[in-house]
Amino acid sequence: MAIGFRPTDDDERIIHSFKREGESTSDVLRRGLRSLERLAWEEEARADMARLALEDLSGEPDDWEYDENGDIRIVATGTVVLARKDRGR
C-alpha cells in the first residue's frame with residue numbers, strides 16, 4: 001500500500017530537523033508514527049494508573065503460595081514451580 005503525502009514547507013522543515021544521517025524521509029515518518037503510537041500507549045497507561053491509584057489488593061487472596069518444600073504452588077491450578085535450588089542453578 002502506498003500513501004501519498006505532500007508536505008508543506010513547515011512539514012519539510014520538521015522532517016529535515018529530525019532526519020538522522022542516512023535516513024530517508026520515509027524513515028523519519030515511520031519513527032514519527034511509532035512515536036505517536038508510543039504516546040497514545042503512555043496516555044492510556046497513565047489513565048489506567050489514575051483509575052487504579054486507590055485500588056487496595058491487600059485484602060485479596062494470593063494467587064500463589066509456598067509449599068512445605070519451598071516450591072511455589074499456583075492456587076486453583078495444581079501447578080507447582082520448583083524452587084531455584086531444585087532447578088540445578
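Note that the numbering runs from 1 along the sequence shown for the chain.
- Distance check: Glu55 CD to Leu52 CG gives 5.0 Å after rounding to the nearest 0.5 Å.
- Nearest approach of Arg73 to Val80, heavy atoms of both residues: CG-CG2, 4.1 Å.
- Atoms CG and CG, on Asp11 and Leu29 in that order, are 9.0 Å from each other to the nearest 0.5 Å.
- The heavy-atom pair separating Asn69 from Asp67 by the smallest distance is N-OD1, 2.9 Å.
- Taken from CD1 in Ile74 to CG in Asp62, the straight-line distance is 12.5 Å, to the nearest 0.5 Å.
- Heavy atoms of other residues, nucleotides or ligands lying less than 6.0 angstrom from CG of Asp48 number more than 12.
- Atom CZ of residue Arg13 and atom CD1 of residue Ile15 lie 10.5 Å apart, to the nearest 0.5 angstrom.
- Clustering ILVMFWY residues whenever any of their side-chain heavy atoms sit less than 4.5 angstrom apart, transitively, puts Tyr66 in a cluster other than the one holding Val75.
- A 6.0 Å sphere centred on CG of Asp10 holds more than 12 heavy atoms belonging to other residues, nucleotides or ligands.
- To the nearest 0.5 Å, the span separating CG on Asp71 from CD on Glu68 amounts to 8.5 Å.
- Rounding to the nearest 0.5 Å places CZ of Arg30 at 10.0 Å from CD of Glu23.
- The closest side-chain heavy-atom distance from Val28 to Arg31 is below 4.5 Å.
- With hydrogens and angles left out, the side-chain atoms of Asp56 and Ser58 include a donor and acceptor closer than 3.5 Å.
- For Glu37, the CD atom is loosely surrounded, since the number of other residues' heavy atoms within 6.0 Å does not exceed 12.
- Residues Ile14 and Phe5 share a single hydrophobic cluster, defined by chaining ILVMFWY side chains whose heavy atoms lie under 4.5 Å apart.
- When all heavy atoms are compared, the tightest approach of Gly70 to Ala83 is O-CB, 3.6 Å.
- The minimum heavy-atom distance between Ser24 and Lys19, with the atom names listed, is C-CE, 4.0 Å.
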